[in-house]
2 protein chains.
Amino acid sequence: MSQIPLDSLDRKILDVLQADGRASNVDISAKVHLSAPQCFRRVRSLEDRGVIRSYRAQVQPESLGLGAMAYVSLNIDGGQFGRVREIEASIRDFPQILECHTVSGDYDYLLKVVARDLKSLSQFLTDQLMQVPGVDDVRSMICMEEVKAAAPLPVDLGP
Amino acid sequence: MSQIPLDSLDRKILDVLQADGRASNVDISAKVHLSAPQCFRRVRSLEDRGVIRSYRAQVQPESLGLGAMAYVSLNIDGGQFGRVREIEASIRDFPQILECHTVSGDYDYLLKVVARDLKSLSQFLTDQLMQVPGVDDVRSMICMEEVKAAAPLPVDLGP
DNA sequence: ACTGAAATCGCGTCAAC
DNA sequence: GTTGACGCGATTTCAGT
């Protein structure tokens, strides 16, 4: 985790690599107006410092037969707070659950879930997620239209 | 968009490229037990068919000074349904908004938002998002702990 | 026709200036 | 910080099945 703040060249590099994670080093160096070895050193430094966590192919869910997506909120049964870490481990183990955060507000957790279709989504929630001891009050918000999808992080949000 | 269903080799390739978007062709071919040209042809076909949407570097938000994240729900003011597409365009234009779906349930839209800190998140919601004509009932769920982060899509969820 | 082998060409990468 | 060199990998062509 870098304490070193990122300068504008680092940010440009991140911008390029968020737009195209397979951009070649010469591509990046051209776009940020840097020599190739310079650029290479910066990219590696960004990787080493953990600024770049990983590179990932973005796969279209439908092509994998994943036609349903939902945000699911859940609470922990008040009597089961001692089991919180176990519940979280269960959540991590379900491949259908893509993301999970604890959140402020009315719910304890918010999850992003995919499934083949609405039926199998419902089955997953009922037969698997709700069966985890301590899980309570499962509510789902089915995703209908994708208005904005997985935008890259803004590299220079004004102060 | 392919009607052609993906076979198990395609799925393995997607698995590898979701885990490492910069995996070299020879790496992939070794892992899926395919000759390099074969593997290459399949990867390109997956790209051409839109199965692989893009490649992306995953950047740690904190290193960009983005210390706050929230899921934000909002409704459209009943009198302003005619402006829905304009509102959606506004949503797409905010770089702080990373994702947006229309959802079933109590809310019309669910957004994923990042900001420098809680203060600037609150400012963004109040001074920008709530100012969009037609936007109503903005509620935020601040992300606290990240229990599971951006898992790759499961390539073979049982039927 | 489809697969794998070989050949080329460009890029990533390092070392020296 | 830049230039140059080396070696590997991506990509195409071709021959064999």
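Chain letters run A, B, ... following the sequence lines, proteins first and then strands; every chain starts at 1.
Backbone-only engagement by B:Q38 is indicated by non-hydrogen atom pairs under 4.0 Å involving sugar-phosphate atoms exclusively.
A salt bridge links A:R42 with A:D7: the distance from a Lys NZ or Arg NE/NH1/NH2 to an Asp or Glu carboxylate oxygen falls below 4.0 Å.
Residues passing the side chain to side chain donor-acceptor pair (under 3.5 Å) test with A:S45 are A:R49, sequence neighbours excluded. Shown here are the side chain to side chain donor-acceptor pair (under 3.5 Å) partners of A:Y107, two or more places apart in sequence or in another chain: there are none. Checked against salt bridge (Lys or Arg N to Asp or Glu O under 4.0 Å), A:R56 has no partners two or more places apart in sequence or in another chain. For B:Q80, there are no side chain to side chain donor-acceptor pair (under 3.5 Å) partners at least two apart in sequence or on another chain.
Once you apply a 4.0 Å limit to the heavy atoms of chain B, the touched nucleotides of DNA chain C run 5' to 3' over C:dT3 to C:dA5.
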The contact string for nucleotides 3-17 of chain D, one letter per nucleotide 5' to 3', using protein heavy atoms under 4.0 Å with B, S and - for base, sugar-phosphate only and none, comes out as B-----SSBB-----

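Among residues at least two apart or in separate chains, there is no salt bridge (charged side-chain N to carboxylate O under 4.0 Å, His left out) pair with a member in residues 113-130 of chain A.
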Donor-acceptor pairs under 3.5 Å, side chain of residues 146-159 of chain A to any protein atom, not counting sequence neighbours: which ones?
{"from": "A:K148", "atom 1": "NZ", "to": "B:R92", "atom 2": "O", "distance (Å)": "2.7"}
{"from": "A:K148", "atom 1": "NZ", "to": "B:F94", "atom 2": "O", "distance (Å)": "2.8"}
{"from": "A:K148", "atom 1": "NZ", "to": "B:I97", "atom 2": "O", "distance (Å)": "2.9"}

Pairs of donor and acceptor atoms involving the side chains of residues 68-76 of chain B, under 3.5 Å and at least two apart or interchain, shall be tabulated with distances.
{"from": "B:Y71", "atom 1": "OH", "to": "A:E99", "atom 2": "OE1", "distance (Å)": "2.9"}
{"from": "B:N75", "atom 1": "OD1", "to": "B:D108", "atom 2": "N", "distance (Å)": "2.8"}
{"from": "B:N75", "atom 1": "ND2", "to": "B:D137", "atom 2": "OD2", "distance (Å)": "3.0"}

